[in-house]
Amino acid sequence: MDTYRHGNNACSMTTPLSAMAEAFEELLEISKANQKGSEEEMRLDTFCDACSFVSVLFGCLGLAFKFAELEYVSKVHDLKEASRTYDTIEDILELDVANDTVKTPGSLSRNLRRVRQGLDLIRALFEQFLATEEYSLKEAASTAYAQVCAPYHSWTIRTAVAAGMYALPTRDQLLLRLNETDQSAEKKMRRYISAALPVIEYIDKLYLSRNIILDW
């Protein structure tokens, strides 16, 4: 947890974007194999390890994304703890489907759904960030939030997030915190986008294949 609270220090010592891209490229291989008919399922501990790298990025975004960081980090932690008991993502979904607790607050399936939204939020943020060099981080983050999270948040949360957007770092400040240049960041962000999107779709299909509508 200390690593996430001190995001700036973590960013100066490591390259969070490289770690994120590499981790999700590994997950991508599992999702690809599954699509080709392999019975290999995504291990919960491996998934959580990859997601932990995204936590560092939330920390680098500052107060504006504190709501996302706190929720995301706690949900990843809960899933990591669960990986001591359950081997795969499929296992926790089967458990909650059997107990009719998929959407129950605090359930592992609900936590997985929220972590998936966090991954998608960063994916959308990167896409907006790369859309044009003139696009400010505030504009990119606002658009990404509106696409991914706003439909599921109350008016109170949406208002607080909108106010917090003014505390976001500038593009240059974010790149400095991530220890990246424009060119290096673009390559790694695109790698994350390309790898994370199929992983997100893989998770969505696990719900849809069990007749769970994704409107929550």
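When reading the values below, keep in mind they use all heavy atoms of this one structure, side chains included, and skip hydrogens, waters and symmetry mates.
- Put simply, I122 and L28 are part of two different groups of oily side chains (I, L, V, M, F, W, Y) that touch within less than 4.5 Å, one to the next.
- The closest side-chain heavy-atom distance from I92 to N111 is not below 4.5 Å.
- A salt bridge is defined here as a Lys NZ or Arg NE, NH1 or NH2 lying under 4.0 Å from an Asp or Glu carboxylate O, and D204 with R116 meets this definition.
- Of the possible polar contacts, one joining the R171 side chain to the F129 backbone as a donor-acceptor pair under 3.5 Å is found.
- Residues V73 and F58 fail the side-chain proximity criterion, which asks for heavy atoms closer than 4.5 Å.
- Heavy atoms from other residues, nucleotides or ligands lying under 6.0 Å from OH of Y86 number 12 at most.
- Of the inter-residue distances, the one linking E25 atom CD with I30 atom CD1 reads 13.0 Å to the nearest 0.5 angstrom.
- Ring orientation note: the planes of H153 and Y145 are tilted relative to one another, at an angle of 30° to 60°.
- Under a cut-off of 6.0 angstrom, the local environment of NZ in K103 is crowded, with over 12 non-hydrogen atoms contributed by other residues, nucleotides or ligands.
- Transitive grouping of hydrophobic side chains (ILVMFWY, heavy atoms separated by less than 4.5 Å) brings I157 and L61 into a common cluster.
- Across every non-hydrogen atom of Y152 and L214, the tightest pair is OH-O, 3.7 Å.
- With hydrogens and angles disregarded, a donor-acceptor distance shorter than 3.5 Å links the side chain of S107 to the backbone of T104.
- Annotation: side chain of L17 is not in contact with side chain of K187 (no heavy-atom distance under 4.5 Å).
- L197 and L208 are not part of a single hydrophobic cluster, where members link through side-chain heavy atoms under 4.5 Å apart.
- Taking every heavy atom of both residues into account, K188 and A21 meet most closely at O-CB, 4.0 Å.
- One finds the CG atom of L168 at 8.5 Å from the OG atom of S136 (value rounded to the nearest 0.5 Å).
- Relative ring orientation between F24 and Y192 is described as perpendicular, the plane-to-plane angle rising above 60° on a 0-90° scale split at 30° and 60°.
- Salt bridge present: D49 and K80 bring a charged side-chain N and a carboxylate O closer than 4.0 Å.
- Formation of a donor-acceptor pair under 3.5 Å by the E22 side chain with backbone atoms of A19 is not found in this model.
- Salt-bridge formation is not detected for the pair D78/K75: no Lys NZ or Arg NE/NH1/NH2 atom is positioned less than 4.0 Å from an Asp or Glu carboxylate oxygen.
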Check: Should C48 and L44 be marked as a side-chain contact (heavy atoms from CB on, under 4.5 Å) after you check the CA-CA gap, both sets of side-chain angles, and the distance that decides it?
Finding: CA-CA 6 Å; C48 291; L44 185 55; 4.1 Å; yes
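- Although no hydrogens or angles enter the test, the distance criterion places no donor-acceptor pair under 3.5 Å between the side chain of T15 and the main chain of S18.
- Between F53 and P16, the closest side-chain pair of non-hydrogen atoms is not below 4.5 Å.
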Check the pair L57 / L178 against side-chain contact (heavy atoms from CB on, under 4.5 Å), numbers first and verdict last.
CA-CA 8 Å; L57 182 65; L178 294 172; 3.6 Å; yes
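- Smallest separation of non-hydrogen atoms from V76 and S52: CG1-N, 4.5 Å.
- Of the possible donor and acceptor atoms, none in the side chain of E127 sits under 3.5 Å from a partner among the backbone N and O of A124.
- Residues S109 and D96 have side chains that bring a donor and an acceptor to within less than 3.5 angstrom of each other.
- Within the model, atoms NE2 of H77 and SG of C51 stand 14.0 Å from one another, a figure rounded to the nearest 0.5 Å.
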| request: Could you walk me through whether T88 and F47 pass the side-chain contact (heavy atoms from CB on, under 4.5 Å) test, one step at a time? | output: CA-CA 9 Å; T88 68; F47 174 75; over 6 Å; no
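- T143 places no side-chain N or O within donor-acceptor distance of the main-chain N or O of A140, the cut-off being under 3.5 Å.
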List the steps and the verdict of side-chain contact (heavy atoms from CB on, under 4.5 Å) for Q147 and Q128. CA-CA 11 Å; Q147 290 176 353; Q128 296 300 322; 3.6 Å; yes
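- I193 and P198 get closest at one heavy-atom pair: O-CD, 4.5 Å.
- Contact check for E186 versus R190: side-chain heavy atoms found under the 4.5 Å cut-off.
- For the pair R123/D120, a side-chain contact is recorded, criterion being any heavy-atom separation below 4.5 Å from C-beta on.
- Residues T181 and S184 have side chains that bring a donor and an acceptor to within less than 3.5 angstrom of each other.
- Expressed to the nearest 0.5 Å, how far CG of D45 lies from CG of D87 amounts to 8.0 Å.
- Within the 4.5 Å cutoff, no side-chain heavy atoms of L112 are placed close to those of L206.
- Proximity of L95 to N99: side-chain heavy atoms (C-beta onward) are separated by under 4.5 Å at one or more points.
- Here the shortest heavy-atom pairing between W216 and R114 reads O-NH1, 3.6 Å.
- Residues P169 and L137 share a closest heavy-atom pair of O-CD2, 3.2 Å.
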Practice task
Assess whether salt bridge (Lys or Arg N to Asp or Glu O under 4.0 Å) is satisfied between K205 and E201, documenting all intermediate values.
Solution key: CA-CA 6 Å; K205 287 177 182 177; E201 292 173 348; 5.5 Å; no
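- One finds the CD1 atom of I200 at 10.5 Å from the CD atom of Q117 (value rounded to the nearest 0.5 Å).
- Taken from CD in E139 to OG in S142, the straight-line distance is 8.0 Å, to the nearest 0.5 Å.
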